[in-house]
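These notes concern the structure reproduced below.
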Amino acid sequence: MSKQVTVSPIEKIWFIVNLIPKGYVCSYGKVADLAGLPGRARYVSTALKRAPKEMTLPWHRVVNSQGKISFESNTQAYQNQMERLRLDGVEVNRGKILLSQYEWKPDLATLMFEIPF
DNA sequence: ATTATGACGGAAG
DNA sequence: GCTTCCGCCATAA
């Protein structure tokens, strides 16, 4: 029998965010769902904030359900995320990302075999 | 225990 | 497209 490994909620969130491919984005709510934590979109933002600085995490690929960056537009963080998305090839027009074009849709194989929880 | 605070989401005006 | 309001839930005080 395989051993039961327990993964903490925050680790599940980090794991899912790491799966978001370059060139795509995913909403806080969707990340929560994929992590098996429905209804906890706000916790995803908490988890990203709490990630150790040395951890390389594509946090910039997480946007809100409207396809907008969740920082206030006059902040450094906003500009930072904007630039990282640009480097990913994701275009932000008038502060908005076209989800119909850039939203990450994990394929079945990813859902079944790459998520160990 | 209670209250306040968010990198949220969705409905309503 | 706004903006406001409310439900949501983990943390911190």
Side-chain angles (χ1 to χ4, degrees):
Chain A
M1 300 295 283
S2 60
K3 188 170 287 186
Q4 247 306 357
V5 279
T6 65
V7 184
S8 69
I10 195 169
E11 289 173 320
K12 291 182 179 179
I13 292 170
W14 291 338
F15 186 92
I16 297 298
V17 172
N18 262 315
L19 292 180
I20 307 173
K22 176 179 181 178
Y24 291 89
V25 297
C26 190
S27 71
Y28 296 88
K30 190 84 158 303
V31 169
D33 287 345
L34 291 169
L37 305 165
R40 274 165 277 189
R42 305 191 84 149
Y43 184 45
V44 172
S45 59
T46 303
L48 294 182
K49 188 166 16 176
R50 291 170 74 86
K53 200 156 75 72
E54 63 270 20
M55 176 185 289
T56 61
L57 198 65
W59 56 269
H60 60 286
R61 295 174 189 158
V62 185
V63 298
N64 68 29
S65 63
Q66 317 310 311
K68 300 198 295 189
I69 290 173
S70 282
F71 295 109
E72 293 194 25
S73 56
N74 55 6
T75 64
Q76 188 58 53
Y78 182 96
Q79 296 301 328
N80 189 352
Q81 185 166 9
M82 190 81 146
E83 173 64 4
R84 287 167 183 266
L85 286 171
R86 190 186 67 76
L87 293 174
D88 271 6
V90 173
E91 49 183 325
V92 187
N93 290 329
R94 295 187 222 85
K96 204 176 78 179
I97 296 160
L98 225 55
L99 292 183
S100 59
Q101 182 174 357
Y102 295 107
E103 186 182 39
W104 174 46
K105 313 220 172 189
D107 57 45
L108 193 54
T110 299
L111 293 176
M112 293 185 64
F113 304 125
E114 289 189 38
I115 304 177
F117 46 82

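Here is how names work: the chains are called A, B, and so on, in the same order as the sequence lines, proteins then strands, and each is numbered from 1.
Using modelled atom types, one side-chain atom of A:N64 and one backbone atom of A:G67 make a donor-acceptor pair closer than 3.5 Å.
Look at CD on A:Q66: it is 10 Å from P on B:dA11, rounded to the nearest Å. Atom OH in A:Y28 sits about 16 Å away from atom C1' in C:dC8, given to the nearest Å. Taking atom CG of residue A:L37 and atom P of nucleotide C:dC8, one finds them 17 Å apart after rounding to whole Å. One can place CD of A:E72 at 10 Å from P of B:dG6, the figure rounded to the nearest angstrom. Distance, A:I69 CD1 to B:dG6 P: 19 Å, rounded to whole Å. Atoms CZ (A:R84) and P (B:dA7) sit 17 Å apart, rounded to a whole Å. B:dA7 atom P lies 12 Å from atom CG of A:N64, rounded to whole Å.
Atom CG of A:L34 and atom CG of A:L19 lie 8.5 Å apart (nearest 0.5 Å).
In this model, the phosphate group of B:dC8 is not approached by any side-chain N or O of A:S65 to a distance below 4.0 Å at OP1 or OP2.
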Is there any protein nitrogen or oxygen under 3.5 Å from a nitrogen or oxygen in nucleotides 9-13 of chain C, and what are the pairs?
| from | atom 1 | to | atom 2 | distance (Å) |
| --- | --- | --- | --- | --- |
| C:dT11 | OP1 | A:Y43 | OH | 3.0 |
| C:dA12 | OP1 | A:R50 | NH1 | 3.2 |

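No option in A:L98, A:L85, A:I20, A:D88 other than A:L85 meets the side-chain contact (heavy atoms from CB on, under 4.5 Å) test with A:V25.
Minimum heavy-atom separation, A:A41 to A:A32: N-CB, 4.0 Å.
No side-chain N or O of A:E72 forms a donor-acceptor pair with one of A:T75 less than 3.5 Å apart.
Residue A:K96 is in sugar-phosphate contact alone, with no base atom involved, counting any heavy-atom pair closer than 4.0 Å across all strands shown.
No side-chain heavy atom of A:Y24 sits less than 4.5 Å from a side-chain heavy atom of A:K105.
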